Trainee: 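Sharing a structure with you now.
Owing to the predicted nature of the structure, the values given are computational and were not obtained by experimental measurement. In this chain, numbering begins with 1 at the start of the sequence shown.
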Amino acid sequence: MAFKDLREFIAELERRGLLRRIKIPVNAELEITEITDRVSKFRDGRNVALLFENVRGYDMPVLMNQFGSYERMSLALGVEKLDDAANDIRELLQLPYLSMKNRMNIVNIISTGSKVINFPKYVKNAPCQEVVNERPSLDKIPILKCWPQDGGAFITLPLVFTKNPKTGKRNVGMYRLQKYDSTTTGMHWHIHKNGADNFRDAQAEGSDKIEVAVAIGTEPVTTYAATAPLPRDVDEMVFAGFLRHKSVELVKCKTVDLEVPATAEIILEGYVNTNEMRREGPFGDHTGYYSLADNYPVFHITCITHRENPIYAATVVGKPPMEDCYMAKATERIFLPLLQQIIPEIIDINMPLEGVFHDCVIVSINKTFPMQARKVMHALWGLGQMMNVKMIIVVDAHVNVQDLSEVAWRVFNNIDAEHDLEIVHGPLDVLDHSSPYAKWGAKLGIDATKTWREEGHLRDWPDEISMTPEVKARIDYLWRSLDLC
């Protein structure tokens with residue numbers, strides 16, 4: 001099911017009992033965060049999306065925690081469970097190899113491709129431009145100050161659109177925006193992100209500015225696509241169309257040469273000067289700590305368009321589990337088939353919520369040669385945003401990486417500290433506070449696979465305790481009569 005806009009998604013959440021309307025007056029400063037944080041920590045039916053309808057000083061409602069559970073994240077992507085979201089990718093990867101012998105299979109390729117690739121559709125009239133404010137002001141939007149030591153109020157769920165000045169290719173990323181005043185914000189482009197690449201290319205081209213548009217409150221798949229770790233030249237709007245089985249409708253902005261989602265709630269149009277930097281932060285981040293203040297580019301807003309009676313969509317990050325954790329789990333499942341194409345021995349992968357994306361990855365492999373776990377570690381560290389992972393744990397194929405208790409048991413029992421720990425140096429996420437160096441430091445690989453003699457194990461590795469199949473089958477047959485269930 002592809003939702004046409006955020007409002008349709010909200011209606012479906014409410015129909016399923018997955019959304020609560022908050023009608024009592026609350027403040028955009030700290031109070032919405034405290035309520036949302038408490039709700040996001042529930043592990044039962046009380047963890048719901050929240051629509052704050054009475055924000056003090058504003059006419060605009062605020063939507064929070066829309067993706068904050070496995071159930072809501074799956075619903076957002078139109079699947080029963082997150083693993084199902086990767087089915088189309090698996091189908092594409094199973095396309096036949098083209099050769100002279102099977103050249104007729106090009107029919108299958110075209111047929112499959114046409115089913116899953118949905119390019120953006122461009123429209124002239126759009127709900128996101130029902131109201132056009134060419135004298136813009138952010139003061140009318142209930143932008144949240146989330147945590148006490150934050151440097152100010154931050155737009156936390158923005159889709160930031162830019163074009164590369166050399167290639168003209170679109171990039172959409174999610175970069176927080178600190179509100180400085182009614183028409184300017186920070187632009188938190190991490191050094192490793194594609195938005196920052198476009199900014200640097202504009203500088204190299206000698207441009208004094210790069211045009212930017214920010215969409216807030218898009219339909220859920222489009223919002224998720226802005227967070228996905230896609231290669232630089234893969235269009236996020238094509239990826240969103242691929243996931244939702246339906247093209248994303250885009251409309252030309254009023255004052256900049258960019259296209260944005262037609263059904264978004266709010267659009268900010270403007271530019272970033274290539275020679276202007278300003279102090280941004282601190283910000284209470286998804287690590288559970290404040291990321292430090294630093295200098296970042298400045299976004300100047302020249303026009304704001306929005307729907308009639310817009311809804312402001314936001315999120316809050318902090319100590320896990322929180323909403324962003326479930327968006328990361330979607331990425332884990334969706335991109336597993338692609339990871340397996342590159343590193344075929346991978347069986348499964350788990351990025352625990354506690355690791356907040358880039359601090360821990362657990363991977364199971366089909367081990368067929370000595371030191372293969374080391375090979376997998378380094379292969380992962382060489383892939384895109386995986387370069388920032390601080391700890392990689394490798395286990396054997398039969399280990400359930402989704403069961404943290406089993407993984408812990410394997411690690412605690414299987415490693416030899418001298419031989420099974422791999423410490424390397426490389427890039428780290430900009431938000432990492434634990435390294436003595438900014439943006440780089442030491443990373444740890446843990447080989448928790450069974451050690452072979454070829455890998456230097458001088459003793460026989462003992463057999464793992466397990467019952468015989470015959471006894472297991474016999475007790476399976478008797479189990480119900482034992483009345484122990």
Trainee: Check step by step if side chain to side chain contact (heavy atoms under 4.5 Å, CB included) holds for Phe161 and Val212.
Mentor: CA-CA 6 Å; Phe161 286 72; Val212 177; over 6 Å; no
Trainee: Under the salt bridge (Lys or Arg N to Asp or Glu O under 4.0 Å) rule, what pairs show up with a residue in residues 132-146, not counting sequence neighbours?
Mentor: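 Pairs touching residues 132-146 that pass the test: Asp139-Lys179.
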Trainee: Could you tell me if Asp88 and His245 have a donor-acceptor pair between their side chains, going purely by distance under 3.5 Å?
Mentor: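 Looking only at side-chain atoms, Asp88 and His245 do form a donor-acceptor pair, the distance falling under 3.5 Å.
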Trainee: Can you confirm whether Ile343 sits close enough to Ile346 that some side-chain heavy atom of one is under 4.5 Å from a side-chain heavy atom of the other?
Mentor: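 Yes, at least one pair of side-chain atoms sits under 4.5 Å.
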Trainee: Check this for me: Tyr58, atom OH, are more than 12 non-hydrogen atoms of other residues, nucleotides or ligands nearer than 6.0 Å?
Mentor: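 Buried by this count: over 12 neighbours within 6.0 Å.
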Trainee: Can you find a side-chain donor-acceptor pair between Asn388 and Asp359 that sits under 3.5 Å?
Mentor: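 No donor-acceptor contact under 3.5 Å links the two side chains.
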Trainee: Regarding Lys254 and Asn133, do their side chains bring together a donor and an acceptor under 3.5 Å, going by distance alone?
Mentor: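 Looking only at side-chain atoms, Asn133 and Lys254 do not form any donor-acceptor pair under 3.5 Å.
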Trainee: Contact between Ile392 and Val363 at the side-chain level, heavy atoms closer than 4.5 Å - yes or no?
Mentor: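 Answer yes - side chains close enough.
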Trainee: Can you tell whether the side chains of Lys252 and Asp257 come within less than 4.0 Å, N to carboxylate O?
Mentor: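 Looking at Lys252 and Asp257, the cut-off is met.
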Trainee: Name the atoms and distances for all side-chain donor-acceptor pairs under 3.5 Å in residues 9-18, with sequence neighbours left out.
Mentor:
unit_1: Glu12; atom_1: OE1; unit_2: Arg15; atom_2: NE; d: 3.1
unit_1: Glu12; atom_1: OE2; unit_2: Arg15; atom_2: NE; d: 3.4
unit_1: Glu12; atom_1: OE2; unit_2: Arg15; atom_2: NH2; d: 2.8
unit_1: Glu12; atom_1: OE2; unit_2: Arg16; atom_2: NE; d: 2.6
unit_1: Glu12; atom_1: OE2; unit_2: Arg16; atom_2: NH2; d: 3.4
unit_1: Glu14; atom_1: OE1; unit_2: Arg21; atom_2: NE; d: 3.4
unit_1: Glu14; atom_1: OE1; unit_2: Arg21; atom_2: NH2; d: 3.0
unit_1: Glu14; atom_1: OE2; unit_2: Arg21; atom_2: NE; d: 2.8

Trainee: Do Tyr175 and His188 have ring centroids that are under 6.0 Å from one another?
Mentor: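 No, too far apart.
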Trainee: Decide yes or no for Phe52 and Pro61: does some side-chain heavy atom of the first lie under 4.5 Å from some side-chain heavy atom of the second?
Mentor: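 The answer is no; the side chains never approach within 4.5 Å.
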Trainee: Checking Asn171 against Glu236: is there a side-chain donor and acceptor pair closer than 3.5 Å?
Mentor: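 Their side chains do contain a donor-acceptor pair, which is all the 3.5 Å distance test asks for.
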Trainee: I'd like to know if the side chain of Glu269 and the backbone of Cys303 have a donor-acceptor N/O pair within less than 3.5 Å.
Mentor: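 It does not hold such a pair.
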Trainee: Flag the pair Leu383 / Leu339 as yes when at least one side-chain heavy-atom distance between them is below 4.5 Å, and no otherwise.
Mentor: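 Leu383 reaches Leu339 side chain to side chain.
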Trainee: Listed by chain and number, what are the side-chain contact (heavy atoms from CB on, under 4.5 Å) partners of Leu338, not counting sequence neighbours?
Mentor: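 Scan of Leu338 (side-chain contact (heavy atoms from CB on, under 4.5 Å), adjacent residues dropped) gives Ile89, Leu93, Phe335.
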Trainee: Got a sec, which residues hit side-chain contact (heavy atoms from CB on, under 4.5 Å) with Thr222, two or more places apart in sequence or on another chain?
Mentor: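 With sequence neighbours excluded, Thr222 shows a side-chain contact (heavy atoms from CB on, under 4.5 Å) to Leu159, Thr218, Glu219, Met237, Ala240, Val248, Pro261, given in chain and number order.
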Trainee: Taking CG in Asn275 as the centre, count heavy atoms belonging to other residues, nucleotides or ligands within less than 6.0 Å. Is the count above 12?
Mentor: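 Result for CG/Asn275: enclosed.
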Trainee: Can you run down the ring pair (Phe, Tyr, Trp, His ring centres under 6.0 Å) pairs that involve residues 265-284, sequence neighbours left out, and say none if there aren't any?
Mentor: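 Those involving residues 265-284 are Phe154-Phe283, Tyr271-His300.
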Trainee: Quick check against the 3.5 Å criterion: does Asn27 have a side-chain atom that pairs as donor or acceptor with the backbone of Glu29?
Mentor: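 Side chain of Asn27 to backbone of Glu29: no pair is present.
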Trainee: Does the Thr36 side chain pair with the main chain of Ile32, one donor and one acceptor, at a distance under 3.5 Å?
Mentor: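 Side chain of Thr36 to backbone of Ile32: a pair is present.
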Trainee: Could you check whether any side-chain heavy atom of Asp37 comes within less than 4.5 Å of a side-chain heavy atom of Trp147, counting everything from C-beta outward?
Mentor: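 Yes - at least one pair of side-chain heavy atoms lies under 4.5 Å apart.
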Trainee: Among residues at least two apart in sequence or on other chains, which ones pass side-chain contact (heavy atoms from CB on, under 4.5 Å) with Tyr122?
Mentor: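 With neighbours one apart ignored, the set is Pro120, Arg170, Leu250, Glu259.
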Trainee: Show me the pairs that pass salt bridge (Lys or Arg N to Asp or Glu O under 4.0 Å) and involve residues 426-436, at least two apart or across chains.
Mentor: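 Qualifying pairs, neighbours excluded: Lys390-Asp432.
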Trainee: Return yes if some donor-acceptor pair links the side-chain N/O of Asp294 with the main-chain N/O of Gly281 below 3.5 Å, else return no.
Mentor: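 Not a single qualifying donor-acceptor pair exists.
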Trainee: How many angstroms lie between atom OG1 of Thr223 and atom CD1 of Ile216, to the nearest 0.5 angstrom?
Mentor: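 One finds 10.5 Å between OG1 of Thr223 and CD1 of Ile216.
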Trainee: Between Glu249 (side chain) and Val123 (backbone), is there a donor-acceptor pair under 3.5 Å?
Mentor: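 No: the side chain of Glu249 does not pair with the backbone of Val123.
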Trainee: Would you say the side chain of Lys319 lies within less than 4.5 Å of the side chain of His286, judging by non-hydrogen atoms?
Mentor: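 Heavy-atom side-chain distance check fails, nothing below 4.5 Å.
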Trainee: When rounded to the nearest 0.5 angstrom, what is the spacing between CE in Met327 and OG1 in Thr315?
Mentor: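 Answer for the CE-OG1 pair, Met327 versus Thr315, is 7.0 Å.
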Trainee: Run Val214 and Ile301 through side chain to side chain contact (heavy atoms under 4.5 Å, CB included) and show every step you take.
Mentor: CA-CA 10 Å; Val214 175; Ile301 299 167; over 6 Å; no
Trainee: Just by modelled atom types, is the Leu177 backbone N or O under 3.5 Å from a matching donor or acceptor in the Thr185 side chain?
Mentor: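 Looks like no, no N/O pair under 3.5 Å.
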Trainee: Can you list everything that forms a side-chain hydrogen bond (donor to acceptor under 3.5 Å, both in side chains) with Thr302? Sequence neighbours excluded, please.
Mentor: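 So Thr302 forms a side-chain hydrogen bond (donor to acceptor under 3.5 Å, both in side chains) with Thr255.
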Trainee: For Arg279, is the CZ atom crowded, meaning more than 12 foreign heavy atoms sit under 6.0 Å from it?
Mentor: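 Check passes, neighbour count above 12.
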Trainee: Once you round to the nearest 0.5 Å, how far does CG of Leu82 lie from CE of Met73?
Mentor: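 Interatomic distance, Leu82 CG to Met73 CE, rounded to 0.5 Å: 7.0 Å.
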Trainee: Tell me, with the steps shown, if Asn118 and Lys246 meet side chain to side chain contact (heavy atoms under 4.5 Å, CB included).
Mentor: CA-CA 6 Å; Asn118 292 282; Lys246 189 176 182 180; 5.6 Å; no
Trainee: Evaluate the side-chain proximity of Phe299 to Val160: yes if any heavy-atom separation is below 4.5 Å, no if none is.
Mentor: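 In short, these two side chains do not touch, never coming nearer than 4.5 Å.
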Trainee: Under the side-chain hydrogen bond (donor to acceptor under 3.5 Å, both in side chains) rule, collect the residues that match up with His425, sequence neighbours excluded.
Mentor: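 Testing His425 for side-chain hydrogen bond (donor to acceptor under 3.5 Å, both in side chains), a comparison that skips the adjacent residues, returns none.
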Trainee: Do Asn198 and Thr162 have side-chain atoms, one donor and one acceptor, less than 3.5 Å apart?
Mentor: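 There is such a pair (donor and acceptor under 3.5 Å, judged by atom type) between the side chains of Asn198 and Thr162.
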Trainee: By side-chain contact (heavy atoms from CB on, under 4.5 Å), which residues pair with Met60, not counting sequence neighbours?
Mentor: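 Per chain and number, Met60 pairs via side-chain contact (heavy atoms from CB on, under 4.5 Å) with Ile141, Pro142, Ile266, Pro310, Tyr312.
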Trainee: May I ask you to check whether over 12 heavy atoms, not counting those of Arg7, lie within 6.0 Å of atom CZ?
Mentor: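 It does: Arg7 CZ has more than 12 such atoms within range.
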Trainee: Taking the side chain from Asn273 and the backbone from Glu276, do they hold a donor-acceptor pair closer than 3.5 Å?
Mentor: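 No.
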Trainee: Atom CG of Leu353 and atom CG of Leu404: how far apart are they, to the nearest 0.5 Å?
Mentor: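 That separation rounds to 8.5 Å.
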Trainee: How far apart are the closest heavy atoms of Tyr224 and Thr331, and which atoms are they?
Mentor: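 Residues Tyr224 and Thr331, closest heavy atoms: OH-OG1, 2.7 Å.
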Trainee: Check whether more than 12 heavy atoms from other residues, nucleotides or ligands sit under 6.0 Å from atom CZ of Phe119, and answer yes or no.
Mentor: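 Open: at most 12 neighbouring heavy atoms sit under 6.0 Å from CZ of Phe119.
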Trainee: Kindly state each residue pair satisfying salt bridge (Lys or Arg N to Asp or Glu O under 4.0 Å) with at least one member in residues 59-82, sequence neighbours excluded.
Mentor: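 Counting only pairs at least two positions apart or across chains, the salt bridge (Lys or Arg N to Asp or Glu O under 4.0 Å) contacts touching residues 59-82 are Lys81-Asp84.
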Trainee: Which value, rounded to the nearest 0.5 Å, describes the distance between Tyr326 atom OH and Tyr70 atom OH?
Mentor: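 Here the interatomic distance stands at 6.0 Å.
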Trainee: Is there side-chain contact between Thr263 and Lys4, with heavy atoms separated by less than 4.5 Å?
Mentor: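 A side-chain contact under 4.5 Å is absent here.
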Trainee: So, does Arg244 use its side chain to make a donor-acceptor pair with the main chain of Phe3 at under 3.5 Å?
Mentor: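 The answer is yes, because a donor-acceptor pair under 3.5 Å joins these two groups.
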Trainee: What pairs of residues pass the salt bridge (Lys or Arg N to Asp or Glu O under 4.0 Å) test when at least one of them lies in residues 191-203, not counting sequence neighbours?
Mentor: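 As it turns out, the salt bridge (Lys or Arg N to Asp or Glu O under 4.0 Å) pairs with a partner in residues 191-203, which skip direct neighbours, are Lys166-Asp201, Asp197-Arg200, Asp197-Arg232, Asp201-Arg232.
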Trainee: Judged by atom type as modelled, is there a donor-acceptor pair below 3.5 Å linking the side chain of Glu211 to the main-chain atoms of Val256?
Mentor: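 Here the side-chain-to-backbone pair does not exist.
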Trainee: Taking Asn65's backbone N and O only, do any of them form a donor-acceptor pair with Glu323's side chain (distance below 3.5 Å, no angle check)?
Mentor: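 Yes; at least one donor-acceptor contact below 3.5 Å.
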